[in-house]
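Written below as structure tokens is the structure these notes are about.
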Amino acid sequence: MMNPSDRKYSKEHEWAKTDAKGLVVVGITHFAQDQLGDIVYIDLPKVGAKIEQFKKLGEVESVKAVSDIYTPVGGEVVEVNKAVSEKPETVNQDPFEKGWLVKIKAANANADLQKLMTAAQYDTFLKTEAH
């Protein structure tokens, strides 16, 4: 699966995309969900939670392990995707669209997003991680 070029990526395998309202939508990448295997539970913060860039956002539990999710941008959580809480497998099936996790009102969106990788840079990063 190709990583969409309309978003940015972290080394921890999360993606961030600014939506039409200026909110930053956050999810985990296809690579991350593939490495995790079947996702059975996702723990996400509540609406209103304040988070710092690259700090823990939540946890994802799969048949293989429990892993932390880190936020690619800092700010306030303004929406949580209830669909993935009820059906965590949505992240496996559609990590870049229906499987988004939270929407964040970023405190410094431009500065935070500049610290992340483009899709091409992330693809290169994945190749170096594989070796």
Side-chain angles (χ1 to χ4, degrees):
M1 176 180 271
M2 295 287 294
N3 292 301
S5 61
D6 62 349
R7 56 202 79 201
K8 296 289 204 89
Y9 299 88
S10 72
K11 290 181 179 175
E12 291 77 27
H13 309 291
E14 288 86 16
W15 57 261
K17 176 184 174 184
T18 306
D19 73 5
K21 296 178 183 172
L23 300 174
V24 179
V25 185
V26 173
I28 65 171
T29 65
H30 170 72
F31 175 84
Q33 69 80 23
D34 190 52
Q35 293 292 305
L36 287 164
D38 293 338
I39 295 172
V40 295
Y41 179 76
I42 295 182
D43 182 38
L44 296 172
K46 295 189 180 337
V47 170
K50 307 266 195 242
I51 48 175
E52 290 181 46
Q53 186 179 30
F54 303 130
K55 299 289 184 183
K56 185 176 173 180
L57 176 70
E59 290 180 346
V60 59
E61 183 176 337
S62 71
V63 293
K64 292 182 180 176
V66 176
S67 300
D68 289 340
I69 304 167
Y70 298 95
T71 181
V73 298
E76 180 180 345
V77 175
V78 294
E79 189 174 342
V80 175
N81 188 352
K82 291 179 184 170
V84 300
S85 296
E86 294 167 5
K87 292 186 174 183
E89 65 272 21
T90 304
V91 176
N92 290 117
Q93 297 160 354
D94 193 4
F96 291 115
E97 297 298 333
K98 292 179 184 170
W100 64 272
L101 302 177
V102 296
K103 292 184 180 180
I104 297 172
K105 183 176 181 182
N108 297 301
N110 288 340
D112 285 359
L113 291 171
Q114 285 181 359
K115 295 176 187 169
L116 303 174
M117 295 178 277
T118 64
Q121 290 168 327
Y122 183 67
D123 288 341
T124 302
F125 173 73
L126 290 178
K127 288 176 187 167
T128 59
E129 275 227 317
H131 296 284

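Keep in mind it's a predicted model, so treat the numbers as computed, not measured.
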Run the side chain to side chain donor-acceptor pair (under 3.5 Å) check on His13 and Tyr122 step by step: do they pass? CA-CA 9 Å; His13 309 291; Tyr122 183 67; 2.6 Å; yes
Please lay out, stage by stage, how Asp123 and Phe31 fare under the test side-chain contact (heavy atoms from CB on, under 4.5 Å). CA-CA 10 Å; Asp123 288 341; Phe31 175 84; over 6 Å; no
Hey, mind stepping through Thr71 and Val102 against side-chain contact (heavy atoms from CB on, under 4.5 Å) and telling me if it holds? CA-CA 9 Å; Thr71 181; Val102 296; 6.0 Å; no
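Nearest heavy atom pair, residue Gly74 against residue Ile104, reads O-CG2, 4.0 Å. Residue Trp100 comes nearest to Val25 through the heavy atom pair CB-CG1, 3.6 Å, listed as atom of the first residue, atom of the second, then distance. In this structure, Trp15 and Pro72 approach most closely via the heavy-atom pair O-CG, 3.9 Å. Across Val24 and Ala106, no two heavy atoms sit closer than the pair CG2-CB, 4.0 Å. The two residues Gln121 and Thr118 make their nearest non-hydrogen contact at OE1-N, 2.8 Å. Taking both residues in full, the closest heavy atoms of Tyr9 and Pro4 are given as OH-O, 2.6 Å, listed atom of the first, atom of the second, then distance.
Atoms CD1 and CG, from Ile69 and Leu101 in turn, are 5.0 Å apart once rounded to the nearest 0.5 Å. Taken to the nearest 0.5 Å, the CG atom of Leu113 stands 13.0 Å off from the NZ atom of Lys17. Note: Tyr41 OH to Ser85 OG = 7.5 Å, rounded to the nearest 0.5 Å. Distance check, rounded to the nearest 0.5 Å: OG1 of Thr29 to CG of Asn3 gives 6.5 Å. Atom CD1 in Ile42 sits 11.5 Å away from atom CD in Glu59 (nearest 0.5 Å). For the atom pair CD of Glu14 and NZ of Lys11, the computed distance is 13.0 Å after rounding to the nearest 0.5 Å.
Side-chain atoms of Asp19 come within 3.5 Å of backbone N or O of Leu23 as a donor-acceptor pair. Judged purely by atom type and a 3.5 angstrom limit, Asn81 has no side-chain atom pairing as donor or acceptor with the backbone of Gly99.
Look at Arg7 and Glu97 and you find a salt bridge, because one of the NZ, NE, NH1 or NH2 atoms lies within 4.0 Å of a carboxylate O, short of that distance.
Residues Gln93 and Gln33 fail the side-chain proximity criterion, which asks for heavy atoms closer than 4.5 Å. Using a 4.5 Å cut-off on side-chain heavy atoms (C-beta onward), Ile28 and Ile39 make contact. Contact annotation: the side chain of His30 approaches that of Phe96 to within less than 4.5 Å [non-hydrogen atoms, C-beta and beyond]. In this structure, the side chains of Leu116 and Ser10 come closer than 4.5 Å at one or more pairs of heavy atoms. A heavy-atom distance below 4.5 Å is not found between the side chains of Leu36 and Val91.
Taking hydrophobic clusters as Ile, Leu, Val, Met, Phe, Trp and Tyr residues chained together by side-chain heavy-atom distances below 4.5 Å, Tyr70 does not share a cluster with Ile51.
Residue Asn110 qualifies as open at atom CG: its count of foreign heavy atoms under 6.0 Å is 12 or below. Environment of CD in Glu52: sparse, with no more than 12 heavy atoms of neighbouring residues, nucleotides or ligands closer than 6.0 Å.
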